[in-house]
2 protein chains.
Amino acid sequence: MSINYKKPSVMVDIAIFTLHEKTLKVLLVKRGIPPFQDHWALPGGGVRVDQEASIFDKTLEDAAKRELLEETGAKTHYLEQLRTYGSDSRDPREWTVSVAYFALLPYAAIQVQSGSDAADARWWSIKDNRVPVQLAFDHQQILHDAIQRLQAKVEYTAIAVHLLPNAFTLTELQRTYEYLLEAKLDKSSFRRRVHNAGIVKIIPGQFREGSNRPAQLYCFAKKTQKNVFFPRSADRNLG
Amino acid sequence: MSINYKKPSVMVDIAIFTLHEKTLKVLLVKRGIPPFQDHWALPGGGVRVDQEASIFDKTLEDAAKRELLEETGAKTHYLEQLRTYGSDSRDPREWTVSVAYFALLPYAAIQVQSGSDAADARWWSIKDNRVPVQLAFDHQQILHDAIQRLQAKVEYTAIAVHLLPNAFTLTELQRTYEYLLEAKLDKSSFRRRVHNAGIVKIIPGQFREGSNRPAQLYCFAKKTQKNVFFPRSADRNLG
DNA sequence: GTAATAGTGTCTCTTAGACAATATGCC
DNA sequence: GGCATATTGTCTAAGAGACACTATTAC
């Protein structure tokens with residue numbers, strides 16, 4: 001090991017997801033410089049390890065949070081390391097390592113920042129586990145892995161609440177799970193499990209009003225026992 | 001992003017596990033050079049990205065496989081990326097990134113290789129999710145995370161078979177699960193679930209003999225549907 | 001026969017799915 | 001009242017836990 005060998009470049013890339021208009025969306029930026037100029041890519045950049053420089057990341061997670069803030073103007077809601085990609089061929093220039101993260105944000109929290117080194121930035125809808133453009137580098141692969149991870153975690157954790165606004169109804173939460181799992185869930189069972197898992201709290205006296213019976217508003221109950229949602233994996237009623 | 005910024009060093013470290021004498025063990029090497037000289041550490045080393053050099057890794061996983069082979073003399077049985085650790089403080093010399101992997105091997109497959117850059121190498125028993133020495137760098141943390149991942153995966157996958165020899169009895173498999181989960185499992189339920197999950201295959205006509213009824217030998221049935229073991233998470237009978 | 005471990009059958013209990021029934025707002 | 005959605009209750013079915021039972025070897 002060490003210090004004097006030739007080094008790879010190290011990037012941090014983030015798949016930032018939100019839910020808007022009943023659709024899962026991911027934030028992509030258009031690259032302003034080669035390679036892959038004018039291709040869309042996950043937001044990201046090099047880890048800044050020079051203590052003397054104006055931008056300095058103490059940890060990988062700091063680098064990810066910095067990118068997230070730069071792109072969305074939002075403080076971190078949910079951020080998780082996905083996995084690390086590294087090879088001699090993923091960047092035509094040289095051996096690179098990309099530490100990929102994925103983030104979940106409520107749509108309302110975000111103000112997409114154009115500018116910086118990205119020529120453009122916008123939300124792309126996800127359909128069939130992908131985005132309808134060719135992405136730079138191996139970012140289609142990273143995005144695919146991120147979606148897989150999200151869906152896997154939706155199965156057994158309360159992770160989906162991070163896509164919703166602070167206050168939501170149980171029906172809205174159920175619709176979110178149904179959408180992400182691509183399955184219809186039974187109303188009664190869903191509510192039973194949500195309550196048993198203790199992942200949400202009633203906001204006393206707050207209701208969503210409409211032309212019908214008002215719905216109780218709930219908020220995320222932070223730190224339940226391990227955030228486990230389903231004591232059994234959900235026997236889903238596919239199709 | 002790029003190419004001309006100061007770069008961190010990139011290492012690959014591996015937590016190599018096996019099961020021997022009914023104990024989970026991890027392979028550690030004693031460091032022959034500073035920093036942390038004479039401390040025990042996870043096997044690992046720098047990723048070799050110089051195409052001209054005698055050792056060249058095309059991917060991160062190649063680097064992990066190379067380390068695994070160097071330390072154990074065994075070809076890869078089970079290898080999975082754990083997570084990536086990176087900060088300015090985990091190595092006193094500089095900003096480093098360590099891509100951590102974890103590997104499972106049957107004890108018999110391994111021939112521990114002393115020498116190379118490690119002064120010494122040996123198995124350490126794991127007790128209370130740790131090893132009874134101070135480790136170099138943040139390796140105690142990495143080891144802890146690896147054990148957590150292993151235990152989490154034992155809950156719902158067939159991963160534990162990779163710790164056993166090619167042929168094993170269902171009782172041996174059950175004892176392994178009981179040991180890793182720190183729980184007593186019911187024989188009947190366990191066998192039912194193993195059979196339903198289709199994770200093992202009978203080896204026709206092969207039995208483990210003893211001073212009692214011989215036990216059918218089984219082998220791992222590669223590639224079951226997603227390798228999921230427990231349709232429900234095991235309601236364990238703790239204590 | 002006994003001892004010891006392998007392997008099976010059956011009953012119960014939990015919990016998710018199905019779906020009916022009730023509640024509460026607006027018009 | 002009628003409509004729409006929220007919320008609850010009840011029955012059923014799948015699967016795990018408990019535990020007793022049978023099977024097969026060595027002695």
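Remember, it's a predicted structure, so these values are computed and weren't measured experimentally. Letters A, B, ... are given to chains in the order of the sequence lines, protein chains preceding strands, and every chain is numbered from 1.
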Rounded off to whole Å, could you give me the CZ-to-P distance for the A/F190 and D/dT8 pair?
14 Å

Could you check whether atom CG of B/N129 has more than 12 heavy atoms from other residues, nucleotides or ligands sitting under 6.0 Å from it?
yes

Heavy-atom donor-acceptor pair, B/Q151 side chain to B/L181 backbone, under 3.5 Å
no

Strand-adjacent residues in residues 201-208 of chain B, judged by heavy atoms under 4.0 Å from DNA chain C:
none

Look at atom CG of A/N166 and say whether more than 12 heavy atoms of other residues, nucleotides or ligands are closer to it than 6.0 Å.
no

Ignoring hydrogens and geometry beyond distance, is a side-chain donor-acceptor pair present between B/D13 and B/Y85 at under 3.5 Å?
no

Sidechain N-carboxylate O distance under 4.0 Å for B/R175, B/E178:
yes

Test the B/R122-B/W40 pair against the cation-pi criterion, namely NZ or CZ under 6.0 angstrom from the six-membered ring centroid and within 45° of the ring axis.
yes

Check the orientation of B/W123 and B/Y107. Use parallel for under 30°, tilted for 30 to 60°, and perpendicular for over 60°.
tilted

Provide, to the nearest angstrom, the distance between the CD atom belonging to A/E172 and the C1' atom belonging to D/dT5.
12 Å

Ring center gap for A/F190 and A/Y177 short of 6.0 angstrom:
yes

Could you go over nucleotides 24-27 of chain C and give all protein N or O partners under 3.5 Å, atom names and distances?
residue: C/dT24; atom: O4'; partner: A/R213; partner atom: NE; Å: 3.4
residue: C/dG25; atom: N2; partner: A/S211; partner atom: O; Å: 3.3

If we count only N and O atoms by modelled type, under 3.5 Å, do the side chains of A/Y78 and A/E80 hold a donor and an acceptor together?
yes

Starting at CG of B/L185 and ending at C1' of C/dG7, how long is that distance when rounded to a whole Å?
17 Å

Selection from D/dT7, D/dG17, C/dG7 that lies nearest to any side-chain heavy atom of B/A215:
C/dG7

Take atom CD of B/Q216 and atom P of D/dA23, then tell me their distance rounded to the nearest Å.
18 Å

Can you check the A/Q174 CD to C/dG17 C1' distance for me, whole Å?
12 Å

Among A/L60, A/D62, A/L68, A/V97, side-chain contact (heavy atoms from CB on, under 4.5 Å) partner for A/V12:
A/L60

Go through it in stages, so that I can follow the logic: the residues are B/T84 and A/T84, the test is side-chain hydrogen bond (donor to acceptor under 3.5 Å, both in side chains), and I'd like the CA-CA distance, side-chain angles, deciding distance and then a yes or no.
CA-CA 7 Å; B/T84 299; A/T84 298; 2.5 Å; yes

Nearest-Å distance, CG (A/L181) to P (C/dG17)?
11 Å

Contact list (N/O, under 3.5 angstrom) for nucleotides 8-13 of chain C vs protein:
residue: C/dG9; atom: O6; partner: B/S188; partner atom: OG; Å: 2.4

Under 4.0 Å between any heavy atoms, over every strand shown, what does A/T171 touch: base, sugar-phosphate, or nothing? Just pick one.
sugar-phosphate

